[in-house]
Amino acid sequence: MAERAVVLLSGGMDSAVVLAEMRHRGFGCVALSFDYGQRHRAELHAARLVAEALGAEEHRIACIDLRAFGGSALTSDIPVPKDRLGSAEEVPITYVPARNTIFLAHALALAEVCGARNLGIGVNAIDYSGYPDCRPEFIEAFRTLANLATREGVDAAARGEPWLRIHAPLLAMTKGDVVRRGLELGVDFGLTFSCYDPKPTPGARLGVVACGHCDACLLRARGFAEARKIDPGFA
């Protein structure tokens, strides 16, 4: 049997490429998405399509309510910034407090119960919006935590080996690199959705259309422009 991995799958382009990469590396993948009160919940339908297209063994959606905490334009009524990309020195208001920590903690729990020793996540430290939980230091810190704070980790340590590995294959890629790698792996980017502030539109593919002006839309556009490809999923 293939070694198993839990892969965080938002429905956007980055996580789709990570799922494709993990499948390419031979892992049997359990895709995990989150309905966390985000204003762009259309991405969950995209995640279902991507999970099926890329051959995930199963696709789970965990429901958590991060609107209870707010503090982000994605989980409250704060306006989503438009036509300006953040930088690594500025944490934008679209940052959701502790989101990747929360998501990885859920993935860690799932890994313990489904026999996975690997997590896949689509963080990127090159072309991103300045989120602190997308940095390599964060990934390494969480890997250490995971191996210290779990039964599987303790048992593995007693055998003199680490239990969990975290795979972040996009960490040092540009958005153009992500698009190119995805196409090499056969990712149908037309199934993915990347927008923080979609507009409800009857008859649209997912019932919404992308705004074209938020950080997620601008970064996606940058990736396809750098790769000199036409984006099939801008809708």
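Position 1 is the first residue of the sequence; numbering continues from there. Remember, predicted model here, so these are calculated numbers, not experimental data.
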A.B. asks: His59 versus Leu32: any side-chain heavy-atom pair under 4.5 Å?
C.D. replies: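 They are not in contact (no side-chain heavy atoms under 4.5 Å apart), so the answer is no.
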A.B. asks: Do the charged groups of Arg165 and Glu3 touch, with an N to O distance under 4.0 Å?
C.D. replies: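 Here Arg165 pairs with Glu3 in a salt bridge, since their nearest N and O are under 4.0 Å apart.
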A.B. asks: Ignoring hydrogens and geometry, is there a side-chain-to-backbone donor-acceptor pair from Arg143 to Asn147 under 3.5 Å?
C.D. replies: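 Not at all, since once roles are kept as given, no pair shorter than 3.5 Å links the two residues.
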A.B. asks: Would a distance-only check, ignoring hydrogens and angles, find a side-chain to backbone donor-acceptor pair under 3.5 Å from Arg23 to Leu54?
C.D. replies: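 Yes, because the side chain of Arg23 sits within donor-acceptor range (under 3.5 Å) of the backbone of Leu54.
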A.B. asks: Would you say the side chain of Phe34 lies within less than 4.5 Å of the side chain of Ile102, judging by non-hydrogen atoms?
C.D. replies: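 A side-chain contact under 4.5 Å is absent here.
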A.B. asks: Using a strict 4.0 Å threshold on nitrogen-to-oxygen distance, state whether Arg228 and Glu226 make a salt bridge.
C.D. replies: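 The answer is no: the pair does not qualify as a salt bridge.
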A.B. asks: Rounded to the nearest 0.5 Å, what separation is found between the CG atom of Asn124 and the OG1 atom of Thr174?
C.D. replies: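 Taking CG in Asn124 and OG1 in Thr174, the distance rounds to 8.0 Å.
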A.B. asks: State, with a plain yes or no, whether a side-chain heavy atom of Pro81 is found less than 4.5 Å away from one of Ile93.
C.D. replies: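 Touching, per the 4.5 Å side-chain cut-off.
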A.B. asks: Looking only at heavy atoms, which two atoms of Leu164 and Ala116 are closest? And how far apart?
C.D. replies: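 Closest pair (atom of Leu164, atom of Ala116, distance): CD1-O, 4.5 Å.
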A.B. asks: At what distance, to the nearest 0.5 angstrom, does CG of Leu74 lie from CG of Leu66?
C.D. replies: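 With rounding to 0.5 Å, CG (Leu74) is 10.0 Å from CG (Leu66).
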A.B. asks: Assigning hydrophobic clusters by single linkage (Ile, Leu, Val, Met, Phe, Trp, Tyr; side-chain heavy-atom cutoff under 4.5 Å), is Leu108 placed with Ile64?
C.D. replies: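 Cluster IDs for Leu108 and Ile64 match.
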A.B. asks: What are the two closest non-hydrogen atoms of Ala210 and Ser194, and how far apart are they?
C.D. replies: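 Looking at all heavy atoms of both residues, the closest pair is CB-O, 4.5 Å.
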A.B. asks: Can Ser76 and Arg39 be said to form a side-chain hydrogen bond (donor to acceptor under 3.5 Å, both in side chains), step by step?
C.D. replies: CA-CA 8 Å; Ser76 68; Arg39 66 167 71 205; 5.8 Å; no
A.B. asks: If the plane angle is over 60° it's perpendicular, under 30° parallel, otherwise tilted; pick one for Tyr95 and Tyr131.
C.D. replies: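 Judged by the thresholds at 30° and 60°, the geometry between Tyr95 and Tyr131 is tilted.
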A.B. asks: Quick check: is Ile139 connected to Val91 through a chain of hydrophobic side chains (ILVMFWY, heavy atoms under 4.5 Å apart)?
C.D. replies: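 They do share one cluster, since a chain of ILVMFWY contacts under 4.5 Å joins Val91 to Ile139.
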A.B. asks: Within the supplied structure, the quantity of interest is the number of heavy atoms (other residues, nucleotides, ligands) at a distance under 6.0 Å from Glu52 CD; does it exceed 12?
C.D. replies: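 No - once you tally the heavy atoms of other residues, nucleotides and ligands closer than 6.0 Å, there are 12 at most.
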A.B. asks: What are the two closest heavy atoms between Ala125 and Cys134, and how far apart are they?
C.D. replies: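 Reported closest heavy-atom pair: CB-O, 3.7 Å.
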A.B. asks: Looking at every non-hydrogen atom in both residues, tell me the closest pair between Gly190 and Pro232 and how far apart they are.
C.D. replies: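 Here Gly190 and Pro232 meet closest at N-CG, 3.5 Å.
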A.B. asks: To the closest 0.5 Å, what do you measure between CG (Leu49) and CG (Leu44)?
C.D. replies: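 Separation between the atoms: 11.0 Å.
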A.B. asks: Give, for atom CG of Asp83 and atom CG of Leu218, the distance between the pair rounded to the nearest 0.5 Å.
C.D. replies: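 Atom-to-atom, Asp83:CG and Leu218:CG are 6.0 Å apart.
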A.B. asks: Can you find a side-chain donor-acceptor pair between Asp197 and His40 that sits under 3.5 Å?
C.D. replies: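 There is no such pair between these side chains.
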A.B. asks: First locate atom SG of Cys195, then atom CG of Leu206, and finally report the distance between them rounded to the nearest 0.5 Å.
C.D. replies: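 Nearest 0.5 Å value for the SG-CG distance: 11.0 Å.
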A.B. asks: Is a side-chain donor or acceptor of Arg60 paired with a backbone partner of Val30 at a separation under 3.5 angstrom?
C.D. replies: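 No, Arg60 side chain to Val30 backbone: no donor-acceptor pair under 3.5 Å.
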A.B. asks: Do you know the tightest heavy-atom contact between Pro162 and Arg117?
C.D. replies: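 Closest pair (atom of Pro162, atom of Arg117, distance): O-NH2, 2.8 Å.
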A.B. asks: Is there a side-chain contact between Phe142 and Ile166 in this structure, where contact means two heavy atoms from C-beta onward sitting under 4.5 Å apart?
C.D. replies: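 In short, these two side chains touch, coming nearer than 4.5 Å.
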A.B. asks: Can you list every pair that meets side-chain hydrogen bond (donor to acceptor under 3.5 Å, both in side chains) and has a residue in residues 98-112, with sequence neighbours left out?
C.D. replies: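 Checked against side-chain hydrogen bond (donor to acceptor under 3.5 Å, both in side chains) - neighbours excluded - the pairs reaching residues 98-112 are Tyr36-Arg99.
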A.B. asks: Counting only heavy atoms not in Asp77, do more than 12 fall under 6.0 Å of its CG?
C.D. replies: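 Not more than 12 within 6.0 Å, no.
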A.B. asks: Between the side chain of Arg222 and the main-chain N/O of Cys217, is any donor-acceptor distance below 3.5 Å?
C.D. replies: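 Answer holds: no.
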A.B. asks: Cut-off 3.5 Å, no hydrogens considered: what does the side-chain donor-acceptor table look like for residues 4-21, sequence neighbours left out?
C.D. replies:
from	atom 1	to	atom 2	distance (Å)
Arg4	NE	Glu57	OE1	3.0
Arg4	NH1	Cys114	O	2.7
Arg4	NH2	Glu57	OE1	2.7
Ser10	OG	Gly12	N	3.0
Ser10	OG	Ser15	OG	3.2
Asp14	OD1	Lys175	NZ	2.9
Asp14	OD2	Lys175	NZ	2.5
Ser15	OG	Ser10	N	3.1
Ser15	OG	Gly11	N	3.4
Ser15	OG	Gly12	O	3.4
Glu21	OE1	Arg181	NE	2.8
Glu21	OE1	Arg181	NH2	3.2
Glu21	OE2	Arg25	NE	3.3
Glu21	OE2	Arg181	NH2	3.3

A.B. asks: Any side-chain to backbone donor/acceptor pair from Glu137 onto Asp133? Under 3.5 Å, distance only.
C.D. replies: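 The answer is no, because no donor-acceptor pair under 3.5 Å joins these two groups.
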A.B. asks: Taking the side chain as every heavy atom from C-beta outward, state whether Pro198 and Cys211 have any atom pair closer than 4.5 Å.
C.D. replies: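 Result no, sub-4.5 Å side-chain heavy-atom pair not found.
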A.B. asks: Is there a donor-acceptor contact under 3.5 Å from the side chain of Thr144 to the main chain of Glu140?
C.D. replies: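 Side chain of Thr144 to backbone of Glu140: a pair is present.
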A.B. asks: Within this structure, what is the OG1-CH2 distance for the pair Thr150 and Trp163, rounded to the nearest 0.5 Å?
C.D. replies: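 Between atom OG1 of Thr150 and atom CH2 of Trp163 there are 4.5 Å.
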A.B. asks: Give a yes or no on whether Ile61 and Leu119 share a hydrophobic cluster (residues Ile, Leu, Val, Met, Phe, Trp, Tyr; joining criterion: side-chain heavy atoms under 4.5 Å apart).
C.D. replies: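 Shared cluster, no.
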A.B. asks: Name the one of Ile230, Val50, Leu183 that satisfies side-chain contact (heavy atoms from CB on, under 4.5 Å) with Phe189?
C.D. replies: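 Answer to the side-chain contact (heavy atoms from CB on, under 4.5 Å) test with Phe189 among Ile230, Val50, Leu183: Leu183.
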A.B. asks: Do Phe138 and Val123 pass the side-chain contact (heavy atoms from CB on, under 4.5 Å) test, and can you show the C-alpha distance, the side-chain angles, and the key distance before you say yes or no?
C.D. replies: CA-CA 10 Å; Phe138 166 73; Val123 293; 5.7 Å; no
A.B. asks: So, does Asp35 use its side chain to make a donor-acceptor pair with the main chain of Cys63 at under 3.5 Å?
C.D. replies: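 No: the side chain of Asp35 does not pair with the backbone of Cys63.
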